[in-house]
Amino acid sequence: MPLDVYDKLMMLAKRRGFIYPSFEIYGGSAGFYDYGPLGSRLKENIENLWRKFYILKDNCIEISTPTITLYEVLKASGHVEEFTDLTVDCKKCKQSFKLEEIIKENISIEKAIKNNEITCPKCKSKLKNPYPVNLMFSTKIGIGQGRDAFLRPETAQGIFIDFHLLYRYKREKLPFGVIQIGKGYRNEVSPRQGIIRLREFSMAEAEIFFDPKDKNHSNFNSFKDKELYLYDNEKEKKYSLEKAVNDKIINNQALAYYMYLTQEFLISAGVDLKKFRFRKHAENELAHYAEECWDAELYSERFGWIECVGIADRSAYDLNSHIKKSGTDMYATRKYDKPKIVEIKKIIPKMAELGPLFKKKAGEIKIILENMEVKRLDKILVKIDGKTIEIPEKCYSIVEKKEKQTGEKFVPHVIEPSYGIDRILYCILEHNYIEKRKKDEDYRILKLNPIISPIKVGVLPLINDNRLYKIAKEIDFLLRDSGIETYYDDKGTIGRRYARMDEVGTPFCITVDHDSIEDDSVTIRYRDSAKQDRIKINEIKNILKEKIMN
RNA sequence: GCGGAUAUGAUCUAGGGGUUAUGAUAUUAGCUUCCCAAGCUAAUUGCCCGGGUUCAAAUCCCGGUAUCCGCACCA
């Protein structure tokens, strides 16, 4: 079988220090890869380019929170329920089921397994060997009776649970965006696609907090005529931001704007526009927290369209959950022009009654009651852990009073662009991998955008001559000293050295020859065209800086 | 997780129950070389892991791991 691009690329990546399989000397483990010297630089360059888009262009703030996350956080966010389920396969119907959905009521999962009482809801045959689909890695904080925790499946929760602090930091004004770049962990059932599906992976996430009544974006008008590459599950089509929002293809300005920002980022990072598109999630595809979601997909020859960025409208889901579970005030305020005097009815919980009746859940119920709008005076219903409970009348009293209100409280909505850095990195490599024949030999070039190339310039003395070495080494030091990554190489023929640089995506080479001794000039050679120019040594730095920034 | 296939230096590969495991590429050192993987000389690196059969296993058998292809799962 001939090698495909993936094979060739992964071979190159391993040989030249981009990507290595992790733990290889002990047999390796699926879903883990090391970034080698060049891979680490490339990844960091991609992340820093991303920061430019979010911190500089969009004025977001960045935070950094632990990867080990307390059980309670992920319980509140819904991840505990959503990520751990016993699953069982029916060989006849070739379908999988979540165990808790198909066993009879009143029978515990343990009992059902023990007594072999699991039946397929379709064909009624007995099912065996349930296995847990637990996508979170669990751990404990502290020894002995430690607290339960998980390695985070996304960086987003770290941002949500700091919302009240960040809202104050931003002087209580919406909208604002918070970003975090870091590792996330998912114990994938079967990671078999190299760096595309990792168990430990890097993500860059932004959470933009909005007033739900105003999901417009201040940058929208500047870009409203720009075009987005959309795909409606049938065909690809270009829409301007404005038209997409007006035609309700995209729900709001903010979502459309962040899609545009994503598109721009990916293009500057070196993604091939022909292998790029946005696809809207169908209703049944949406994650448990999402209201609307667009994926930026990148095309790979082996894997087809890969979801590399998800831009989701998470509405108020997460903040609501954390308000409810933690009792923290995570509301934002919409100020009135003039303060209002209003008569309000408020529920005052009677804890003396609530406590004995509901025990552990009483605290949570108290918070819900206090924040409840009292409309009619019939029943007070509270939804907790998915069940609706009626609160008896003796547990609360209702008071009417006048209050001066300066504004109204609301839970902000969140738009979340979430980027899989490793997937993007792979696609960039694949999109920029060029293979040619040169003198009957395979010739490989990585046409990486200079801004993300791990090495910006190769510094090469043309031939074996100490005078040339000396000049080349001075240039090499000068460039590194001014922040340009270089690679000095004086071994072998010049052609071989150019080839080596081309293969790892170095966009420029500076070659020092005998004329350099006489007139302080060198050759600059361009990777993509193999063309050369003659430039002065004292111009190198500025010329390179300019070319790298473009 | 289930079924099938595969596993030899960094890469591609030949071979194969018994002395020193093949070739190419790459890499390193030297010679040569004034602009695109040239040439010459030398050097470096290997039978996936564990167990069994055998006087002897890289080779045969079993198990594990990884990779690939289906199925399932997942984003």
Flag the pair [X] / [Y] as yes when their ring centroid distance falls below 6.0 Å, and as no otherwise.
X: A/Tyr488; Y: A/Phe477; value: no
X: A/Tyr20; Y: A/Phe18; value: no
X: A/Phe23; Y: A/Phe32; value: yes

| request: Assign A/Asn464 to base, sugar-phosphate, or nothing according to its heavy-atom contacts below 4.0 angstrom with the strands shown. | output: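 Answer is base: heavy atoms of A/Asn464 come under 4.0 Å of a base.
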
Open item on the list: Can you list, in residue-number order, the parts of residues 526-542 of chain A that come under 4.0 Å of RNA chain B, counting heavy atoms only?
Closed with: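 Those residues whose heavy atoms fall under 4.0 Å from RNA chain B, taken from residues 526-542 of chain A in numerical order, are A/Ala530, A/Gln532, A/Arg534.
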
* N-O pairing of A/Arg41 and A/Glu44 below 4.0 Å ->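 Between A/Glu44 and A/Arg41 there is a salt bridge, with a charged N closer than 4.0 Å to a carboxylate O.
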
*asked:* Salt bridge or not between A/Glu292 and A/Arg314? Use side-chain N to carboxylate O under 4.0 Å.
replied: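 A/Arg314 and A/Glu292: not salt-bridged.
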
message = Taking the six-membered ring of A/Trp305 as reference, does the cationic atom of A/Arg279 (NZ for Lys, CZ for Arg) lie under 6.0 Å from its centre and within 45° of its axis?
response =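 Verdict for A/Trp305: no cation-pi partner in A/Arg279.
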
Does A/Arg525 count as lying over the ring of A/Tyr498, i.e. NZ or CZ under 6.0 Å from the six-ring centre, within 45 degrees of the axis?
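Relative to the ring axis of A/Tyr498, which defines the angle, A/Arg525 lies inside both limits.
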
Check: Under 4.0 Å between a side-chain N or O of A/Arg496 and OP1 or OP2 of B/U33?
Finding: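 A/Arg496 to B/U33 OP1/OP2: no side-chain N or O under 4.0 Å.
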
Taking 4.0 Å as the cut-off, does a side-chain nitrogen or oxygen of A/Lys491 come that near to OP1 or OP2 on B/U28?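 Answer no for this pair, as no side-chain N or O of A/Lys491 is under 4.0 Å from OP1 or OP2.
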
Of the listed nucleotides [options], the one nearest the side chain of [X]:
X: A/Ala30; options: B/A66, B/C35, B/A37; value: B/A66
X: A/Arg302; options: B/A29, B/C36, B/C68; value: B/C68
X: A/Leu462; options: B/C35, B/C74, B/A37; value: B/C35
X: A/Ile463; options: B/C73, B/U33, B/C35; value: B/U33
X: A/Ile494; options: B/C35, B/U11, B/C73; value: B/C35
X: A/Tyr6; options: B/A29, B/C68, B/C35; value: B/C68
X: A/Glu503; options: B/A37, B/C74, B/C35; value: B/A37
X: A/Thr493; options: B/A38, B/C36, B/C69; value: B/A38

> Whole-Å distance between B/U27 P and A/Arg497 CZ?
Replying inline: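 Rounded to whole Å, this separation is 12 Å.
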
Distance in angstrom units between A/Ile196 CD1 and B/C73 C1', rounded: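 The distance from CD1 of A/Ile196 to C1' of B/C73 comes to 18 Å, rounded to the nearest Å.
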
Margin query: Let me confirm one number: the CG-CD1 distance from A/Leu255 to A/Ile311, rounded to the nearest 0.5 Å.
Written below: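 CD1 of A/Ile311 is found 7.0 Å from CG of A/Leu255.
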
(Q) Taking the side chain as everything from C-beta on, heavy atoms only, tell me whether A/Ile484 gets closer than 4.5 Å to A/Ile548. (A)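 The answer is yes; the side chains approach within 4.5 Å.
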
When you measure only distances, ignoring hydrogens and angles, does the side chain of A/Arg525 come within 3.5 Å of the base of B/C36 through a donor and an acceptor?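 When only heavy-atom distances are counted, A/Arg525 does reach the base of B/C36 through a donor-acceptor pair under 3.5 Å.
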
Encoded 5' to 3' (Watson-Crick or G-U under 3.5 Å; [ ] crossing; | other strand), RNA chain B becomes (((((((..(((.....[....)))((((((.......))))))...(((((..]....))))))))))))....

